[in-house]
Amino acid sequence: MSSIVSVNGLELSYPIYSIRASSIRNTIANLAVGGKLLKDGQDVIHVRALEGLSFSLYEGDRLGIIGHNGAGKTTLLKVLAGVYEPDRGNVTVHGRISSMIDVGLGLDASLTGRENIMTMGRMRGFPTREIIAKIPDMVEFSELGGYVDLPVKAYSAGMQARLVFAVATTLEPDVLLLDEWIGAGDAAFHEKAANRMNDILSQSRVMVLATHNFGMIQSVCNKLLVLNGGRQEFFGKVDQWDFNLRAPR
Amino acid sequence: MNKAFLDLQKGLALYKVWVYQAYHEISSKYRHTILGSLWIAGSMVTTSLCLSLVFGIIQGQDLRTVLPHIMGGILAYTMISFILTDGAEVFINAGGIIKNHAYPFTYYVFEGVTRSFLTFLHNLIVFYIAIALVGGLRVPSWEILLGLPVVLMSMVTWGTFVGMMASRFRDLRFMMPYLSQLIFFLTPIFWTIGTNAKGWRSAIVADYNPFYGLVEVIRAPLLGQAPSAQCWMLAIIAMVTGIIAWLLMFSAFRRRIPFWV
């Protein structure tokens, strides 16, 4: 069985630009003094976000990622989504990716819900006809009703989340990336979303979920990746990890 | 290098999306108006009318030649100045999307260039109405079919370059529109070089001004004339250096864009 997601020796550090480094005046001034100010790490800080990650995911795998704040969970999701390219190592994903890393971002606030669905679908490479055929299903699932023809800026945060979730899950991605499950939405929708997730998972696709909720991982995932300061502390089956002792069993 | 071309290929494949998005963004603003998207031409008409009045009526030049010249120049420059104005914002404005979705970066540039091109087409309609009204209507030269691709190519390549520079160095984002204004006044867009300017004066404003070349390869054919060899040279140099700048900048720093925006 060939892997759908394969990560090999992944390493990524990302630059953080201070206001000074983003200013062209300072940069030119720095060139004049031999770039010393920039090189001393004051202005462009390189954060080693991920180091030495290697794992593979196969059909039907549901990977949970846990780790402290800043451990690299979201960064890893973004690397899997293709937003960040690794510095070293390689990441191969076979199939269509659907990411729900930052719900709401990626929506165009001035377009209506329906137009956003079209754009998101087209951007993911679906033919127009197929998207139009699926719109009723998305509208029904997201319970947006008449709101779907209003600009997204009129939506509440929960409605935006529901729209993105409906699009991400209806368009049948091969790989679904989720950050903290879905942040918004009321309790009833949560239940519906959980059911939808189970549907999707039963169609044996790959899901990657970054969360702090251990219970969620134990009930949904079969594989676990523990990150600690950007390093891979553990990768394996969920039941091989002791969540209380924070150590492999 | 390969990844840059892969990005380009993916971006081109999304042509339906960026044409639709560009058209949508232009037209939605003018919904519920009588003239609709023709309002886009408003600023071009106003500027060129004002300048034509100054040169035509006050200075007594023939409106039939002055108006088409000025309007054609502004028409062309409005599109070309994408490089300095909208081009500087292509990546910054799409920051939210860039940080969350791995769409090809070329997509954003194509969308911006298409937007400018659609604006150009709107302006073109008004341009023809206006020059017909003053009796200066001429059949466009076939060379427009060469001029447009050269200009559009320069816009894509230099637009990417400026867009990347402006997202890394935020000052540029605000500096570029003023630079565009400066170039607008320094380039023979609404005035002609005539015979007064020689030597270094002519060199700055026309002989070595790539913007003049780019404007002329569009304006001259629209007025039924052939652009001079000098202008072709300038325009083609702008395009070729643009391609080189794109290759270097885009292949080396493309992956940094999500961190910059």
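Annotation: the span from T119(A) atom OG1 to W18(B) atom CH2 amounts to 15.5 Å, rounded to 0.5 Å. Rounding to the nearest 0.5 Å gives a distance of 9.5 Å between CZ of F259(B) and CD1 of I16(A). With values rounded to the nearest 0.5 angstrom, L177(A) atom CG is found 11.0 Å from N100(B) atom CG.
The environment of CG in L145(B) is crowded: more than 12 heavy-atom neighbours from other residues, nucleotides or ligands sit within 6.0 Å. Atom NZ of K10(B) has 12 or fewer heavy atoms from other residues, nucleotides or ligands within 6.0 Å. Remark: R88(A) CZ is loosely packed, at most 12 non-hydrogen atoms of other residues, nucleotides or ligands lying under 6.0 Å away. The number of heavy-atom neighbours closer than 6.0 Å to NE2 of H68(A), taken from other residues, nucleotides and ligands shown, is 12 or below. More than 12 heavy atoms of other residues, nucleotides or ligands shown are found within 6.0 angstrom of OH on Y77(B).
For P151(A), no part lies under 4.5 angstrom from a heavy atom of chain B. With a threshold of 4.5 angstrom between heavy atoms, L172(B) approaches chain A through side-chain atoms but not through N, CA, C or O.
Put simply, the side chain of K78(A) gets close to the backbone of K99(B): a donor and an acceptor are under 3.5 Å apart.
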- [ ] List the steps, then state whether side chain to side chain contact (heavy atoms under 4.5 Å, CB included) holds for V17(B) with M118(A).
- [x] CA-CA 9 Å; V17(B) 192; M118(A) 296 301 295; over 6 Å; no
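With contacts defined as side-chain heavy-atom distances shorter than 4.5 Å, the pair R256(B)/Y84(A) does not qualify. Between R255(B) and D87(A), the closest side-chain pair of non-hydrogen atoms falls below 4.5 Å. Side-chain contact check for V83(A) versus H101(B): every heavy-atom pair is 4.5 Å or farther apart.
Taking all atoms of both residues into account, the shortest heavy-atom contact from A81(A) to A102(B) is O-CB, 3.1 Å.
Contacts with chain A were tallied for M165(B), K16(B), Q21(B), R170(B); Q21(B) has the most, counting heavy-atom pairs under 4.5 Å. Across E25(B), M175(B), R254(B), the residue that shares the most heavy-atom pairs under 4.5 angstrom with chain A is R254(B).
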